[in-house]
Amino acid sequence: MDEPSLRDIRTRVFIQEQNVPEALEWDDEDAQAQHFLARDPQGNAIGTARLLMHDGLAHIGRMAVLPTWRGQGVGRALLEAVVKAAQACGASNAFLNAQTTAVPFYERAGFAVEGAVFMDAGIPHLRMTRHW
Ligand code: COA
């Protein structure tokens, strides 16, 4: 995995754009996670996501697309790649903690909200799950 590229995207999107504290952005899960990178036709990294598998449970996280590339299907393609990987691991569903502003994006990809809003890194979130 191209670690400098995924660190660059997450730094720009989560730490700089969304003001997530650096200490919260990087966690122990990164070492165990399967990481994904979307690239433009020139090979530059433009989006990232990660998949954590815990006891057969698939947890998708850290979905980020660089601002100039949003609204062009990059996030959707990235998310589908992560879901395919979760399916390949034998999971029957996947969950994620969505920032409330991103809920419509995940709903379009077949995820449904579960439960109530909670705060994480100062940002409101909702848990969402997709079954297949
Ligand atoms: N609100 C409503 N709809 C949205 C949306 C939003 N915030 N973001 C995307 N969509 C819709 C698109 O219009 C598109 O709809 P369509 O199926 O009708 O064409 C669909 O979702 C797929 O969008 P896509 O272009 O693939 O998404 P993207 O590349 O812009 O990536 C994010 C979406 C959320 C990953 C991106 O906006 C991002 O990185 N945001 C900042 C970081 C972030 O909030 N990450 C989520 C953490 S939970």
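Order of appearance sets the numbers: ligands from 1, and atoms from 1 within every ligand. These numbers come from the heavy atoms of this one structure, side chains and all, not from hydrogens, waters or symmetry mates. None of the values given here were measured: they were computed from a predicted structure.
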Sub-3.5 Å N/O-N/O distance, Pro104 and ligand 1: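 No - when backbone and side-chain N and O of Pro104 are compared with those of ligand 1, no distance drops under 3.5 Å.
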
Check: Val65 N/O within less than 3.5 Å of ligand 1 N/O: yes

State the [atom1]-[atom2] distance between [X] and [Y], to the nearest 0.5 angstrom.
X      : Y      : atom1 : atom2 : value
Leu52  : Glu29  : CG    : CD    : 5.0 Å
Met63  : Arg76  : CE    : CZ    : 11.0 Å
Leu79  : Arg130 : CG    : CZ    : 7.0 Å
Leu37  : Arg39  : CG    : CZ    : 5.5 Å
Thr11  : Glu22  : OG1   : CD    : 6.0 Å
His131 : Phe111 : NE2   : CZ    : 10.0 Å

For ligand 1, which atoms, with element, lie under 4.0 Å from some heavy atom of [X]?
X      : result
Val13  : 41 (C), 42 (C)
Gly71  : 25 (O), 28 (P), 29 (O), 30 (O)
Gly73  : 24 (P), 25 (O), 26 (O)
Gln18  : 41 (C), 42 (C), 43 (C), 44 (O)
Tyr106 : 46 (C), 47 (C), 48 (S)
Asn97  : 48 (S)
Ala64  : 39 (O)

Which one holds for [X] and ligand 1: side chain close, backbone close, both close, or neither close, with close meaning a heavy atom under 4.0 Å?
X      : value
Gln72  : backbone
Thr101 : backbone
Arg108 : side chain

If every non-hydrogen atom of [X] is compared with every non-hydrogen atom of [Y], which pair is closest and at what distance?
X      : Y      : value
Trp132 : Ala86  : CH2-CB, 4.0 Å
Trp69  : Pro41  : CH2-CD, 4.3 Å
Ile123 : His125 : O-ND1, 2.7 Å

CA sep, side-chain torsions, deciding dist, call: Val13, Val65, side-chain contact (heavy atoms from CB on, under 4.5 Å): CA-CA 8 Å; Val13 173; Val65 173; over 6 Å; no

Considering heavy atoms of the protein only, find what lies nearest to [atom] and give residue, atom and distance to 0.1 Å.
atom                    : result
atom 38 (C) of ligand 1 : Arg70 NE, 3.4 Å
atom 48 (S) of ligand 1 : Gln99 N, 3.2 Å
atom 19 (O) of ligand 1 : Arg76 NH2, 3.3 Å
atom 45 (N) of ligand 1 : Met63 O, 2.8 Å
atom 23 (O) of ligand 1 : Phe105 CD1, 3.8 Å
atom 29 (O) of ligand 1 : Gly75 N, 2.8 Å

Check: Leu66 and Ile9 side chains under 4.5 Å, non-hydrogen atoms: yes

Atom 32 (C) of ligand 1 within contact range, any protein heavy atom under 4.0 Å: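 No, no protein heavy atom sits under 4.0 Å from atom 32 (C) of ligand 1.
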
Result of checking Arg7, Arg12, Arg50, Arg62 against Glu25 for salt bridge (Lys or Arg N to Asp or Glu O under 4.0 Å):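 Option passing the salt bridge (Lys or Arg N to Asp or Glu O under 4.0 Å) with Glu25: Arg62.
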
